[in-house]
Amino acid sequence: MGEFIIKMPDVGEGVAEAELVEWHVKAGDPVKEDMVIAAVMTDKATVEIPSPVTGTVVWLGAEIGDKIAVKAPLVRIETGGGGAIERVDAPTAAAAKAPESATPAVQPKETAAPTVAPSPRPQAPVPAEKPLASPSVRLLARESGVDLRQLKGSGPAGRILREDVEQFIARGEPPFLQPAIAKKTSTEEVKLIGLRRRIAEKMSLSTSRIPHITYVEEVDMTALEELRATMNRDRKPEQPKLTVLPFLMRAIVKAVADQPSVNATFDDDKGILTRHGAVHIGIAAQTPAGLVVPVVKNAEARGIWDCAIEMGRLAEAARAGTATRDELSGSTITISSLGALGGIVSTPVINHPEVAIIGVNKIAVRPAWDGTQFVPRKMMNLSSSFDHRIIDGWDAATFIQRVRVLLETPALIFIEG
């Protein structure tokens, strides 16, 4: 019997290592050529790794959450060939679809004493009935109350796809019986991997290196909400439904023109603040995999409708996991919004190396004094954080007050100059 040692592929962009986020196989599993055997994550992208050969898995070189260096042994597969050990860099899923001339060359067979692969790490026992599915599919099933063991996957090697879960739900079949109410004594340790680990690292970096100051201001949104309702009623079929965010984006563009230090990034290692003429606004978005920040580039050159269209396109790409590295990087200031769940006040964490983040809280009808009586008004709080090394409290308040005036008098948003 012959053996193949598959190495961690070069995933490009100067990446020296990647994090293993998912195994699709275990020791003893049969694999076919081009079958996905693992998934790794770089700084932004998740890459699926297919097998270049057909055979049986005899050894896995890492555990979920491990960092694997490029060229390091990843999997050993027993094939039906000769007795020599061959080594091949695993192609990525994208490379597997490329012409044959683009596939990595197999190194010559060793005729001398073969190199023995590292002793396999002890593998955690995996129940035989454990369904084969990606983390996003498992999340969908968990949120929908679907027991994946009831489904038959239509993907390779019986892999359960998102469509399988959605069709199961659409058929209206009962998910699974809930157990009788009882005390729960179990605990579960969850290792942070993939995007969740990246988010944790980013938040730790931001809060450990940036002294935050958070400023909260109340904004009367009544006039803007009336304008927004009118614009949505009269919009063209190809135009998206407007939310508050495109108006806020345009207000930010006007406000940073007076305070360019707010639209900036700070290299604290070099002590250099870079003020940006372009306003690239990051929109913090929740996805099934976690929090990502797609970026609306050059908001200063976009109108209300253009901001809304681009924001909708990027949000959909982020939710589908198809957003590119360029679409998820390069922001100069960020908006954080929880929509209807926005609460009254929040303390948003700055997206390092930026120096400001604007937090949007929910709109609620509250009584406001008009000088003679209390009247119902649609009110919203802006909870915004600033890097106190760069932005003084007075400057933070001045910036937010300018944004407030623009939102409360929305006609000013449309006046150029």
Side-chain angles (χ1 to χ4, degrees), residues 1-13 15-81 85-107 109 117-118 120-121 123 126 130-138 153-164 193-195 289 320-322 324-325:
M1 300 293 285
E3 288 187 354
F4 262 73
I5 294 178
I6 301 174
K7 299 178 181 179
M8 175 66 193
D10 184 351
V11 292
E13 300 185 4
V15 174
E17 63 179 12
E19 180 187 351
L20 178 67
V21 294
E22 187 174 9
W23 278 120
H24 294 173
V25 296
K26 61 182 183 295
D29 281 356
V31 296
K32 294 183 179 180
E33 185 176 356
D34 293 332
M35 174 180 166
V36 175
I37 57 176
V40 298
M41 175 173 279
T42 63
D43 186 35
K44 292 290 185 183
T46 299
V47 180
E48 291 186 329
I49 299 177
S51 171
V53 296
T54 297
T56 302
V57 176
V58 295
W59 174 74
L60 302 180
E63 297 177 353
I64 299 296
D66 286 353
K67 297 288 185 70
I68 309 171
V70 171
K71 305 293 185 181
L74 184 63
V75 181
R76 192 170 72 194
I77 296 178
E78 190 175 80
T79 67
I85 296 179
E86 298 183 56
R87 293 168 176 77
V88 59
D89 291 347
T92 62
K97 300 175 183 177
E100 289 185 7
S101 59
T103 57
V106 178
Q107 298 182 10
K109 294 183 178 180
R121 298 188 183 192
Q123 297 295 310
V126 180
K130 183 178 180 180
L132 187 61
S134 69
S136 60
V137 172
R138 295 185 188 280
S154 60
R159 182 181 176 83
I160 299 175
L161 307 178
R162 173 176 286 269
E163 298 81 57
D164 299 326
I193 63 173
L195 182 58
T322 59
T324 65
R325 178 182 294 268

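Since this is a predicted model, take the numbers as computed values, not measurements.
- Between V31 and V53 the shortest heavy-atom distance is CG2-O, 4.2 Å.
- Residues satisfying the side chain to side chain contact (heavy atoms under 4.5 Å, CB included) test with A18, not counting sequence neighbours, are M8, V40, T42.
- Between L60 and V25, the closest side-chain pair of non-hydrogen atoms falls below 4.5 Å.
- Of the possible polar contacts, one joining the R138 side chain to the P131 backbone as a donor-acceptor pair under 3.5 Å is found.
- Applying the side chain to side chain contact (heavy atoms under 4.5 Å, CB included) criterion to I64, with sequence neighbours excluded, gives L20, W23, I193.
- L161 and S154 make their closest contact through CD1-OG, 3.7 Å (heavy atoms, listed as atom of the first residue, atom of the second, distance).
- K67 NZ: more than 12 foreign heavy atoms inside a 6.0 Å radius.
- By the salt bridge (charged side-chain N to carboxylate O under 4.0 Å, His left out) test, D29 is found to be paired with K26, residues two or more places apart in sequence or in another chain being considered.
- Residues that satisfy the side chain to side chain donor-acceptor pair (under 3.5 Å) test with T56, not counting sequence neighbours, are absent from this structure.
- Using a 4.5 Å heavy-atom threshold, the side chains of R159 and S134 count as touching.
- For the atom pair NZ (K7) and CG (L74), the distance works out to 12.0 Å, reported to the nearest 0.5 Å.
- The two atoms that bring G153 and D164 nearest to each other are CA-OD2, 3.5 Å, heavy atoms only.
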Open item on the list: Working note: V75 + I49, criterion side-chain contact (heavy atoms from CB on, under 4.5 Å); need CA distance, chi angles, decisive distance, verdict.
Closed with: CA-CA 11 Å; V75 181; I49 299 177; over 6 Å; no

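- Partners of T54 according to the side chain to side chain donor-acceptor pair (under 3.5 Å) rule, which considers only residues two or more places apart in sequence or in another chain, do not exist here.
- Rounding to the nearest 0.5 angstrom, the gap separating the NE2 atom in H24 from the OG atom in S51 is 13.0 Å.
- Applying the salt bridge (charged side-chain N to carboxylate O under 4.0 Å, His left out) criterion to E19, with sequence neighbours excluded, gives R197, R198.
- Smallest separation of non-hydrogen atoms from I68 and A62: CD1-CB, 3.7 Å.
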